[in-house]
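This report refers to the structure that appears directly beneath it.
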There are 2 protein chains.
Amino acid sequence: MEWSIQELARAAGTTSRTLRHYGQLGLLPPTRIGRNGYRYYDRESLLRLQRILLLRELGLGLPAIAEVLDGQRDTAVALRTHVRLLEQERQRLARQIESVTTTLRRMEGGEQLMAEEMFDGFDHTRYAGEVTQRWGRDAWEKGDRWWRSLSDAEKKAFQQQQLDIAADYGRACLAGRSPESDEVQAITRRHVAWLSSTTTPTKGYLVGLGEMYVADPRFTANYDRHGAGTAVLVRDAMKVYAERHLRD
Amino acid sequence: MEWSIQELARAAGTTSRTLRHYGQLGLLPPTRIGRNGYRYYDRESLLRLQRILLLRELGLGLPAIAEVLDGQRDTAVALRTHVRLLEQERQRLARQIESVTTTLRRMEGGEQLMAEEMFDGFDHTRYAGEVTQRWGRDAWEKGDRWWRSLSDAEKKAFQQQQLDIAADYGRACLAGRSPESDEVQAITRRHVAWLSSTTTPTKGYLVGLGEMYVADPRFTANYDRHGAGTAVLVRDAMKVYAERHLRD
DNA sequence: GGTTGACTGTGACGCTACGTCAACTTTTAC
DNA sequence: GTAAAAGTTGACGTAGCGTCACAGTCAACC
């Protein structure tokens, strides 16, 4: 008993393109190829295809499926590894959803924007130091223009972003990550991106700001509410980031 | 005041490659291009880039961001649309995780496999009708061989798959979907794929099976426990699917 | 025997948002 | 003057196929 590619596809509820794809990957080679080049499959192929589709429904990648089918990996082990990835993805999604809905909810509530709350405890647009040196005397005015150019939703999002970053630092601190770790540095990259909305983060600015996070109780409180020691982690992470990526 | 691509990228916490990409999409064109071909950006560019990165962090796609920045769409509207997509994705993920973990848990529990439970109330490998006509007398034996070829995890997954399919039918029924709807037909495609593990679903087989789902109380109970009327929906959906895709 | 229609084959592009070379030119620094 | 740093365009890779385009094969009907 032998089927053409279309027949097998229909029997298994998939498409011929998919079967060609699997053939190309070596995941499901045809059992026979006719002189005309046609692919033919037998019952064994159908069984193998079933296992492939079953595992694919669980979200496994095709290379992982290939290993399972070839007996190189145990199905249960592969699934356990896989479910961890799914969990991570779910958490990432959940945080993103929370971030967006919070932004929206605040926006719809028509909540007033308070400058102090918008930032990490400090209005960087008004920080005269580096800013005025770099931008001249109209820097302040432009900072205001920038701020007014944002829609309400974006203002809220901007605020939310800072809260998210602080929360992520807090989680990393709890998890015992070092300031040099990729994980923490990734947060710092977002942190710098966020900062750069309002000022130009140079090496000196970043290091100095980090010091202030620890020295000034307003900043410290802002970060340490996510867990004691977070502000210190932030400071160290900023120093590492500045030395790796920034100049001036 | 003007920056090179690298300077802008560092200021905003992103990469020059990203800026070139945005330039290519027309999302963030350079304000000036030197005779040497170098891209130069100004303060407006930075502000625009900030808005882009902010929305990107919320998970919006670049085309959607472009519409928001160009004022074609309201930020809040875009975010609300977006959050619905995120929710859907989260539900999909949650179901998949549940499916995998349930499979694993049952496997670890060493639960006995009962043939009746494995299927939708009917052991298709033993259905003598179409099967023997098509496969001859050793069909039965091959069905058994197929079954034994599966690992424990896969047996459980197979079982779980049927439960998931029935549950999805139930949800679709509750939501009032018609048998012809894309949503229901997509479930039926999975249903047929599942069936084809054990038998060869021809047009006649599928239609007949659908009738049995409604006529035989064991089947009906199996589907209607997800909501009254589900079995009927399944029957109609199978008929539609069979006439659209199958022959014999 | 010719035409039609259903299938088949092999490429190859598209999708997301860039990362990562490669090959080559310009600017900057010593 | 030369080498390092930064700039350019171009192209591939990513996951898993969907979707043409172009061409050959096969069974059926007139």
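Keep in mind that this is a model prediction, so the values were computed, not measured.
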Round to the nearest Å and state the distance from E2(B) atom CD to dA6(D) atom C1'. 16 Å

In whole Å, what is the span from the NE2 atom of H21(A) to the P atom of dC13(C)? 17 Å

Does this structure show an ion pair linking K239(B) with D236(B), if we count only N-O contacts that are shorter than 4.0 Å? no

Winner on side-chain proximity to I5(A), out of dC18(C), dC7(C), dG9(C), is dG9(C)

Of G61(B) and Y40(B), whose closest DNA chain C nucleotide lies nearer the 5' terminus? G61(B)

Atom-to-atom span, CD of E7(B) to C1' of dA5(D) - whole angstrom: 13 Å

Please report, rounded to the nearest Å, how far the P atom of dG16(D) is from the CG atom of L58(A). 14 Å

Using a 4.5 Å cut-off on heavy atoms from C-beta on, say whether the side chain of Y41(A) contacts that of L46(A). no

What nucleic acid atoms does G34(B) come within less than 4.0 Å of, heavy atoms only: base, sugar-phosphate, or nothing? nothing

Interatomic distance where CG belongs to L55(A) and C1' belongs to dG16(D) [whole Å]: 16 Å

Tell me: CD1 of I52(A) to P of dG16(D), nearest whole Å? 12 Å

Quick test of your reading of the model: are D182(A) and R244(A) salt-bridged, counting only N-O distances below 4.0 Å? no

Determine: side-chain N/O of S4(B) to OP1/OP2 of dG7(D), distance under 4.0 Å, yes or no. yes

Could you work out which one of dA6(D), dC18(C), dG18(D) sits closest to the side chain of T15(A)? dG18(D)

Just how far, in rounded Å, is P of dA17(C) from CG of L27(B)? 10 Å

Answer yes when D164(B) and R190(B) have at least one side-chain N-carboxylate O distance shorter than 4.0 Å, and no when they do not. no

Using only side-chain N and O atoms of R35(B), determine if any of them is under 4.0 Å from OP1 or OP2 of dT26(C). no

Could you tell me whether the phosphate oxygens of dA17(C), OP1 or OP2, come under 4.0 Å of any side-chain nitrogen or oxygen in Y22(B)? no

Between Y38(A) and dC26(D), is there a side-chain N or O to OP1/OP2 distance below 4.0 Å? no

Take atom P in dA12(C) and the same atom in dA11(D), then report the distance between them in whole Å. 15 Å

Which of E89(B), R90(B), Q88(B) passes side-chain contact (heavy atoms from CB on, under 4.5 Å) with R92(B)? It is E89(B)

Closest to the R20(B) side chain: dT8(C), dT25(D), dT8(D)? dT8(D)

When you check the phosphate oxygens OP1 and OP2 of dC26(D), does a side-chain N or O of N36(A) lie under 4.0 Å from one of them? yes

When you get a sec, tell me which of dT9(D), dC18(C), dG9(C) is the closest nucleotide to the side chain of R39(A)? dG9(C)

Does dA5(D) have OP1 or OP2 under 4.0 Å away from a side-chain N or O of Q6(B)? no

When every non-hydrogen atom of A9(B) is compared with those of S16(B), the smallest separation belongs to CB-N, 3.7 Å

The nucleotide from dC17(D), dG19(C), dG9(C) with an atom nearest the side chain of R17(B) is dG19(C)

Grab the CG-P distance between L60(B) and dA17(C) for me, whole Å please. 10 Å

